[in-house]
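See structure below.
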Amino acid sequence: MTKKSLLVLLGMVMALMLVLAACGGSDEPASTDEDPDVEDPAEGEGEDGDGEEAASGEPQQGGSIVLSTSGEPVTFNPLYSQDSASADVIDLVHASLLQTDEELNLIPYVAADLPEISEDGLEYTYTLNEGVLFHDGEELTAEDVKFTHDIFINPDYTGPRAGDFDTLESVEVVDEYTVKFILSEVDASFDTRSGYGILPKHILEDVPVADLEEYMEYNRNAPIGAGPFEFVEYVDGQYIELVAHEDYFEGRPNLDKLTFRVASDSNAELLMFETGDTDYMILPATEYATAETYDHGRISSTLALRYDYIGWNNDRPLFQDPKVRQALTMAIDRQLIVDEIMDGKGEVAHVPASPLSWAYPESAPEFNYDPEGAKELLAEAGWEPGADGVLEKDGERFSFEILSNDGNVVRRDIGVIVQQMLGEIGIEVEARQMEWGAFLDQINPPNYDFDAVVLAWGLATDPDPTAIWHSREIEAGLNNISYRNDRVDELADQNKKIIDQDERAAVIAEIYEEIANDQPYTFLYYPEQHVLLSNRVEGFTHHPRVNMYKVNEWYVTE
């Protein structure tokens, strides 16, 4: 596909979206996407507290800000969350043992220091800060830490993170402020598993673990954590409201209130920012040039700890042959997608790791844009043009649906462009978007009801690939494309047992090589993340992975 034809196609997409918007008949935000999820305060947006700006650049106390999102959260329980819309709220409401700074170093949070690790590597002991209070005034202790992590290893746990704790044998309360994790074998990545929000035992201990994922009285209606902001209200499709936790152990946040306001898509988010109705949004590269013209805002950019991809459902007959998956990647001009859709603000990806990671490989198999080569591979796999030009094999047409979530303009455009690119080599594609919650339900266990999806992974600081790529994670974990490779399973089991980082990186590199050869995903790009901020918001620090990083330090200046 030429650059000119891509621009023409994008123009047609935007023209269609304008027509649809004009026919909508309503200015109310619809919902869905994957980023912050929102709120719609009726009065007093951006109030300035006492109205006095502190001298000498000191943070001002009081006031509120409004953030926008085009995705609605699914759960506020950190043990079950799989989407960034939920995670953004969770990170504000809950507190974890450790967290990472903007350079991706582990730092203490509820824990007073990094863990003390036994010589044999099988015991991790954490000492907690005293006086950490949940939002209801109860103190967070070692009992809450044990309660939270016992859920992960309970056979009735139904969330996607059991694989993160497959080496955890037990959790022991040493005293009120000391907790010990006992492993069954060495796990070099275990300390990075300390970032999950700690749940209040006194509220949830009587809820059976088998029922906890669906316990919406807590998960949606009244989550209680020890984070910097307290949950107030969530109105579907409209807003989420949080207020400052007055007794937050790191000090009361500067802001009085945060409101997440739900928008139908990033175009609607940008309009809300333009009119001054919001103060913050994750800015798609497609809107970067427009946002640069705003006098009342500024843009912060950083390379995100993330990659975007198209996942091929390996359980569908169409995608079971690696040659076919390689051909699909070769038929997609990813550099053109980066240049035109991402405005050049990204880098073509070839492996499931970020360039920010210490395990990023020096080299890996690459399947670059080569539509003629793609046709040859498809022919080798038995696919030949039918009467109408669409490829056929054994009487079956090469025809499938590619899904993405409503509100995400970039993914919408990728779906349309991929539809066009694959059409040029004889593959029939329908690009469709779905409401965020329904989308997640359809593509995740137990349903797995999709052909292909456009999505992204926000990566963990530890590069262990087990959770996404091990075959045991198919049934109830994050391996929703049902990828199976015995060698990957074997190496994934080995990697966490290797303490030496260089040796471990070599094993992980071999895993990446296997995955890159198999092409279970078409790895699209490593994106820059752009945040659009009102000039009235100060104290912001851009984290490559965590959207709601140090929000307790944000403040307003008017």
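Please read these numbers as outputs of a predicted model, since none were measured by experiment.
Note that the CG atom of Leu92 and the CG atom of Leu258 stand 6.0 Å from one another [nearest 0.5 Å]. Between atom OG1 of residue Thr127 and atom CG of residue Asp113 there is a gap of 8.0 Å, rounded to the nearest 0.5 Å. To the nearest 0.5 Å, atom CG of residue Asn221 and atom CE of residue Met216 are 8.5 Å apart. In this structure, CD1 in Ile203 is found 10.0 Å from CD in Glu217, a value given to the nearest 0.5 Å. Between the OG1 atom of Thr461 and the CG atom of Asp191 there is a distance of 8.0 Å, given to the nearest 0.5 Å. With rounding to the nearest 0.5 angstrom, the OG atom of Ser266 is 11.5 Å from the CG atom of Leu532.
Note: Phe523 and Tyr307 meet the aromatic proximity criterion, with ring centroids under 6.0 Å apart. The aromatic ring centroids of Tyr218 and Phe76 lie 6.0 Å or more from each other. Taking the ring centroids of His135 and Phe229, they lie at or beyond the 6.0 Å cut-off.
Under the 4.5 Å side-chain criterion, counting only non-hydrogen atoms from C-beta, Asp449 is in contact with Gln442. In this structure, Ile310 and Val453 have side chains that are not in contact, with every pair of non-hydrogen atoms separated by 4.5 Å or more. Side-chain atoms of Leu270 and Met281, non-hydrogen and from C-beta on, do get closer than 4.5 Å to each other. Put simply, the side chain of Ile468 does not reach to within 4.5 Å of the side chain of Asn479, judged on heavy atoms. Residues Tyr177 and Glu130 form a side-chain contact, since some pair of their non-hydrogen atoms from C-beta on lies under 4.5 Å apart. No side-chain heavy atom of Leu168 sits under 4.5 Å from any side-chain heavy atom of Phe152. In this structure, Glu102 and Tyr549 have side chains that are in contact, with non-hydrogen atoms separated by less than 4.5 Å. You'll find the side chain of Phe134 reaches within 4.5 Å of the side chain of His202, heavy atoms only.
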Criterion side chain to side chain contact (heavy atoms under 4.5 Å, CB included) on Asp279 and Leu533, from CA distance to verdict: CA-CA 6 Å; Asp279 302 296; Leu533 289 160; over 6 Å; no
Working for side chain to side chain donor-acceptor pair (under 3.5 Å), residues Thr466 and Asp464: CA-CA 6 Å; Thr466 304; Asp464 174 32; 2.7 Å; yes
Verdict with supporting geometry, Leu303 and Gln529, side chain to side chain contact (heavy atoms under 4.5 Å, CB included): CA-CA 6 Å; Leu303 181 64; Gln529 188 199 57; over 6 Å; no
Test log, rule side chain to side chain donor-acceptor pair (under 3.5 Å), inputs Glu274 and Tyr294: CA-CA 7 Å; Glu274 182 178 348; Tyr294 296 158; 3.3 Å; yes
Full working for side chain to side chain contact (heavy atoms under 4.5 Å, CB included) between Val410 and Thr286: CA-CA 7 Å; Val410 169; Thr286 50; 4.2 Å; yes
Derivation of the side chain to side chain donor-acceptor pair (under 3.5 Å) call for Glu473 and Asn480: CA-CA 8 Å; Glu473 299 299 324; Asn480 69 334; over 6 Å; no
Trace of the side chain to side chain contact (heavy atoms under 4.5 Å, CB included) decision for Ser354 with Tyr360: CA-CA 6 Å; Ser354 167; Tyr360 188 73; 5.8 Å; no
ring-ring contact (aromatic ring centres under 6.0 Å, His included) between Tyr109 and Phe249, worked out: CA-CA 10 Å; Tyr109 190 19; Phe249 73 100; 5.7 Å; yes
Glu538/Thr557 under side chain to side chain donor-acceptor pair (under 3.5 Å): CA gap, chis, key distance, verdict: CA-CA 7 Å; Glu538 297 292 346; Thr557 58; 5.0 Å; no
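For the pair Asn219 (side chain) and Thr75 (backbone), a donor-acceptor distance under 3.5 Å is absent. In this structure a side-chain-to-backbone donor-acceptor pair under 3.5 Å is missing from Asp308 to Ala456. Checking side-chain atoms of Thr275 against main-chain N and O of Leu271 turns up a donor-acceptor pair under 3.5 Å. Using a distance-only test at 3.5 Å, with no hydrogens or angles considered, a donor-acceptor pair links the side chain of Thr293 to the main chain of Thr290. When atom types are taken as modelled, the side chain of Ser81 and the backbone of Asn77 share no donor-acceptor pair closer than 3.5 angstrom. Side-chain atoms of Asp256 come within 3.5 Å of backbone atoms of Gly63 as a donor-acceptor pair (strictly under, hydrogens ignored). Looking at Arg545, its side chain never comes within 3.5 Å of a backbone N or O of Ala304 through a donor-acceptor pair. The backbone N or O of Phe147 lies less than 3.5 Å from no partner atom in the side chain of Asp150, so there is not a single donor-acceptor pair. Listed for the Asp343 side chain is no donor-acceptor partner under 3.5 Å among the backbone atoms of Lys345. Side chain of Glu528 to main chain of Gly344: no donor-acceptor pair is present (N/O by atom type, distance under 3.5 Å, no hydrogens or angles).
Across all their heavy atoms, Met548 and Leu67 have their closest contact at CE-CD2, 3.7 Å. Contact between Val537 and Arg298 at its shortest, heavy atoms only, is O-NH2, 2.7 Å. The two atoms that bring Val171 and His149 nearest to each other are CG2-CB, 4.1 Å, heavy atoms only. The nearest pair of heavy atoms linking Leu478 to Ala467 is CB-O, 3.5 Å. A pairwise comparison of heavy atoms in Ser96 and Gly197 identifies CB-N, 4.2 Å as the closest pair. Between Ala263 and Ala268, the shortest heavy-atom contact is CB-CB, 4.0 Å.
For Thr302 and His542, the side-chain atoms include no donor-acceptor pair closer than 3.5 Å. Tyr239 and Glu233 share a donor-acceptor pair across their side chains, judged by distance under 3.5 Å alone. Side-chain atoms of Asn552 and His245 include no donor-acceptor pair closer than 3.5 Å. Side-chain atoms of Tyr80 and Thr158 include no donor-acceptor pair closer than 3.5 Å. Between Glu435 and Asn405, the side chains place no donor N or O within less than 3.5 Å of an acceptor N or O (distance only, hydrogens not considered). Checked by atom type, the side-chain pair Glu176/Thr141 shows no donor-acceptor distance below 3.5 Å. Looking at Ser86 and Asp83, their side chains do bring a donor and an acceptor atom within 3.5 Å of each other.
Counted within 6.0 Å of CD on Glu103, heavy atoms from surrounding residues, nucleotides or ligands total 12 or fewer; the atom is thus considered open.
Ring geometry, Tyr196 versus Phe165: the interplanar angle falls from 30° to 60°, so the pair is classed tilted.
A salt bridge does not link Arg432 to Asp406: none of the charged side-chain nitrogens sits closer than 4.0 Å to a carboxylate oxygen. Ion pair Arg334/Asp339 not flagged as a salt bridge, since none of the NZ, NE, NH1 or NH2 atoms sits closer than 4.0 Å to an Asp/Glu carboxylate oxygen.
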